[in-house]
Amino acid sequence: MEAVAEGLWGLADEFEKKGEIGKAVKCLEAICQSHASFLPIVEVKTRLRIATILLRHSHNVNHAKSHLERSQLLLNSIPSCFDLKCRTYSLLSQCYHLVGAIPPQKQILYKALHLTSAAAPDVSAKLWCCNFNSQLANALIIEGDYQNSISTLESGYVSATQICYPELQMFFVASILHVRLLMQWDDQTANEVERALQRCNQVWETMPSDRRAHCMGLLFYNELLHIFYRLRVSDYKNAVKHVDKLDAAMRQDSKSRGQLTRFTTTTTTSAGNDSLEPTYFGNAKRALQDKLFLAPPPINGEWLPKSAVYALVDLMIIIFGRPKGNFKECDKRIQSGIHIIKEELIRLGITDDVREVDLQHSAIWMAGVYLMLLMQFLENKVAVELTRSEFLEAQEALMQMKNWFIRFPTILQACESIIEMLRGQYSHSVGCYNEAAFHYVEAAKITESKSMQIMCQAYAAISYFCIGDAESSSQALDLIGPVYRMKDSFVGVREEASILFAYGLLLMKQQDLQEARNRLAKGLQIAHVQMGNLQLVSQYLTILGNLALALHDTGQAREILRSSLTLAKKLSDIPTQIWVLSVLTGLFQQLGERGNQMENDEYRRKKFDELQSRLADTRSSIYHIELIDKVKLQVQQFHEIDMKRTIADESMRVNLDIPESVGLSTPMPVPSSSRLVDLDTGRRVQGERT
């Protein structure tokens with residue numbers, strides 16, 4: 001009968017190669033359903049092959065799970081077959097992961113680890129031990145048990161060390177950094193994060209350079225984690241070198257695509273290692289050259305598919321390029337990233353008419369990764385377009401974000417506050433300050449991020465200042481006062497720069513000009529030296545130039561304002577240009593430079609007319625009222641959504657935790673400039689009111 005089984009196995013292989021998956025499965029199931037007696041080991045191998053095919057080519061996880069559970073029962077009666085048992089446990093664990101059944105997944109993994117501990121301590125057993133510890137750590141992360149997850153990863157590291165396998169050692173120390181950095185970081189664990197980072201550096205440096213060259217997956221994983229760390233501690237300058245390194249590696253990898261690089265291993269586990277493809281990262285069948293392996297067989301794990309990693313690198317380049325005004329490169333990367341993501345969403349079955357409730361269980365995690373990345377690209381597109389006063393383009397991108405959120409409200413739950421914040425920025429940019437303040441306050445209420453709450457409160461205060469009446473100024477004070485007193489406890493500099501900007505405006509309103517100058521000067525230093533955010537620098541310079549003028553320091557005012565105007569022109573930031581030009585007109589008037597005053601005012605009027613034309617087009621758009629309207633997003637609850645919510649919540653706990661875009665992307669709108677610069681300079685700057 002074994003000859004019959006081998007014949008059917010071979011026929012199934014041929015059908016699979018031709019893409020006739022149904023026929024391949026029927027060939028194999030004929031063995032399982034036969035009345036003739038096959039040896040248990042033949043049936044186990046057959047069911048294992050069926051499960052592998054189903055996981056690779058379909059979303060029929062439950063069918064695959066049933067075959068694997070039957071294989072497990074059969075293997076219980078067989079004393080040997082160590083490798084078959086391990087392969088079965090590994091795939092069954094992945095099936096439980098896909099259907100969100102974490103307790104049985106943990107149970108099968110503990111059983112598998114017991115098996116490896118009882119086996120001879122050879123290389124094969126240690127490799128399987130690494131596999132099971134990796135999957136168990138992932139399951140523990142989903143349950144929020146980060147400490148035990150780290151302990152499990154440490155056990156995997158010990159096994160990798162025992163067999164002198166630096167690639168696996170690097171895999172585990174990078175995974176530990178991932179947990180500490182993106183899931184467990186707080187004031188008490190900051191030192192552990194730093195130690196985990198240094199440990200990654202040490203292990204990576206101990207690997208021979210020729211072996212590092214073959215570890216592209218680990219390279220991208222390690223460098224991205226370093227970037228996330230630098231973003232978290234606001235060390236933007238040191239993060240850039242990691243971004244550049246990744247961009248160069250991506251370009252090189254793209255050139256050599258098609259030349260498959262696989263890890264070398266000191267031993268082979270068995271034939272059929274390809275059956276251990278990490279299906280829990282998504283079911284789309286991809287060529288090996290489209291993967292970035294993190295570890296050798298029998299792990300073969302990816303953090304993310306290569307397309308997602310490439311998109312993430314593009315996103316990092318945008319995040320660091322946008323505050324510097326590198327909009328041409330940002331445009332290219334945004335277009336590239338969105339194209340990659342939409343292609344992958346189609347491969348996951350997410351077309352225009354698909355909503356959250358329609359997703360297969362096994363596609364939820366991977367769909368969540370791509371959707372979250374898509375929202376990050378669109379968020380940055382909105383920020384870029386608002387900076388250069390392309391309001392219609394910003395409208396379109398923001399409406400896309402809103403529509404994606406409405407279709408996938410659970411997976412994109414974390415994006416609700418970002419959309420509200422961007423609605424505030426859009427409203428502020430087009431001069432709708434009441435609406436802007438509303439959306440900022442709503443965003444602060446929705447988010448669980450302390451950093452974003454602080455940023456939104458600062459933005460809301462600025463919008464209230466722009467309204468200009470006594471009540472609004474009082475509301476701004478209520479927002480800024482408590483936050484300013486907490487500024488020494490902030491982790492990063494973005495929050496401090498935003499609060500100092502808003503607090504400086506408050507001091508100006510209170511006519512405490514010298515103290516305002518001191519606070520704003522400190523904020524400028526942060527924006528320039530630590531953040532490198534040109535738009536924020538330009539806005540700081542403008543307000544400091546205005547203060548210098550108010551304090552009759554005309555020489556410094558001229559120098560500062562010219563620098564600000566240069567930056568605003570580089571950024572195509574029309575509102576800030578008009579703001580600077582308004583103050584310069586007042587400066588020239590105060591100095592009696594009639595020629596400069598007339599020339600400057602003529603250019604200001606030209607830019608003002610250009611801005612008014614753009615605003616008119618924007619306000620006539622069908623989306624304008626919908627975006628500024630003081631109404632929260634309305635989300636329809638679908639049938640069985642509660643079940644989907646549970647699964648998605650588990651999946652998104654291990655989702656990418658990409659730090660928010662860097663910078664105070666809230667350009668001062670035109671009318672606000674005249675209100676904010678109406679200080680005692682001997683005259684009132686009429687500016688845009690004329």
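These numbers come from a predicted model, not from an experiment.
Applying the side-chain hydrogen bond (donor to acceptor under 3.5 Å, both in side chains) test between Gln135 and each of Asn133, Asn131, Asn138 identifies Asn131 as the sole match. The only option from Asn326, Asn380, Asp247 that meets the side-chain hydrogen bond (donor to acceptor under 3.5 Å, both in side chains) definition with Arg333 turns out to be Asp247.
With sequence neighbours excluded, the residues that form a side chain to side chain donor-acceptor pair (under 3.5 Å) with Lys126 are Gln162. Lys106 is linked by a side chain to side chain donor-acceptor pair (under 3.5 Å) to Glu143, counting only residues two or more places apart in sequence or in another chain. Taking Tyr370 as the reference, Ser307 meet the side chain to side chain donor-acceptor pair (under 3.5 Å) condition, with sequence neighbours excluded.
The side-chain tip of Arg199 points at the ring of Tyr157 from less than 6.0 angstrom away and within 45° of straight on.
A salt bridge between Asp13 and Arg49 is present, with a side-chain N of the basic residue lying under 4.0 Å from a carboxylate O of the acidic one. Taking a cutoff of 4.0 Å between a charged side-chain nitrogen and a carboxylate oxygen, Lys65 and Glu69 qualify as a salt bridge.
Between Phe320 and Tyr236, the ring planes are perpendicular. Angles over 60° get that label, and only those under 30° would be called parallel.
More than 12 heavy-atom neighbours from other residues, nucleotides or ligands sit within 6.0 angstrom of NE2 on His63.
Scanning all heavy atoms of the two residues, the minimum distance from Ala120 to Ala125 falls at O-CB, 3.4 Å.
Under the 6.0 Å cut-off for aromatic ring centres, Phe228 and His178 do not qualify, their centroids lying 6.0 Å or more apart.
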